[in-house]
Trainee: 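Got a structure for you, questions after.
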Amino acid sequence: MPLIKERLEQDELMTREELSKKILRCDPDTADKRYLSKPGFPYMQPSKRKIYSKKAVQKWIAENQIYN
């Protein structure tokens, strides 16, 4: 458990609104439709509201990009 705690302390945890604005750069409703509802999109739910790890989301984006 100490390793998990240490990693979380070095990460930024964001709300849906913060994630939409800072990382996804769209409004929260668009983020819900295009990203947050996708299977495997990373989140934590320690209470009723989901929170998002900036590092985990950046990793997910890098691993789920589509190149033509």
Side-chain angles (χ1 to χ4, degrees):
M1 279 293 248
L3 181 59
I4 293 171
K5 183 178 178 185
E6 180 182 328
R7 285 187 180 171
L8 287 175
E9 288 173 354
Q10 296 172 1
D11 198 358
E12 181 179 354
L13 300 178
M14 296 181 278
T15 64
R16 170 181 167 263
E17 292 77 12
E18 292 168 330
L19 175 66
S20 300
K21 181 179 177 182
K22 293 180 180 181
I23 304 296
L24 302 174
R25 298 192 177 157
C26 60
D27 66 81
D29 290 335
T30 300
D32 286 337
K33 292 175 193 170
R34 294 189 179 170
Y35 306 102
L36 308 183
S37 63
K38 299 289 182 194
F41 194 87
Y43 69 91
M44 293 179 272
Q45 196 164 9
S47 63
K48 290 183 180 183
R49 294 185 69 185
K50 292 179 181 178
I51 57 173
Y52 303 88
S53 157
K54 181 178 179 179
K55 288 181 180 182
V57 170
Q58 289 172 327
K59 181 179 181 209
W60 184 90
I61 290 169
E63 292 173 349
N64 289 278
Q65 291 188 48
I66 299 172
Y67 299 96
N68 292 325

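Keep in mind it's a predicted model, so treat the numbers as computed, not measured. All values below come from the heavy atoms of this structure, side chains included, with hydrogens, waters and symmetry mates left out.
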Trainee: Any side-chain heavy atom of E18 sitting closer than 4.5 Å to one from E12?
Mentor: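 No, too far: nothing below the 4.5 Å cut-off.
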Trainee: Which heavy atom of K22 sits nearest a heavy atom of M14, and at what distance?
Mentor: CD-SD, 4.3 Å
Trainee: Extract all donor-acceptor atom pairs below 3.5 Å that involve side chains of residues 61-68 and protein atoms in other chains or at least two apart in sequence.
Mentor:
{"unit_1": "N64", "atom_1": "ND2", "unit_2": "W60", "atom_2": "O", "d": "2.7"}
{"unit_1": "Q65", "atom_1": "OE1", "unit_2": "Y67", "atom_2": "OH", "d": "3.4"}

Trainee: Check whether any side-chain heavy atom of S37 lies under 4.5 Å from a side-chain heavy atom of D32, and answer yes or no.
Mentor: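 No, too far: nothing below the 4.5 Å cut-off.
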Trainee: Which atom names give the shortest non-hydrogen contact between P28 and S20, and what distance separates them?
Mentor: CA-OG, 3.4 Å
Trainee: Listed by chain and number, what are the side chain to side chain donor-acceptor pair (under 3.5 Å) partners of R49, not counting sequence neighbours?
Mentor: E17
Trainee: Testing I51, L24, D29 for side-chain contact (heavy atoms from CB on, under 4.5 Å) with R16, which one passes?
Mentor: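 Single side-chain contact (heavy atoms from CB on, under 4.5 Å) partner of R16 among I51, L24, D29: D29.
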Trainee: Under the side-chain contact (heavy atoms from CB on, under 4.5 Å) test against L19, which residue among Y35, Y43, Y52 passes?
Mentor: Y52
Trainee: Measure across Q58 and I23 and return the closest heavy-atom pair with its distance rounded to 0.1 Å.
Mentor: NE2-CD1, 4.2 Å
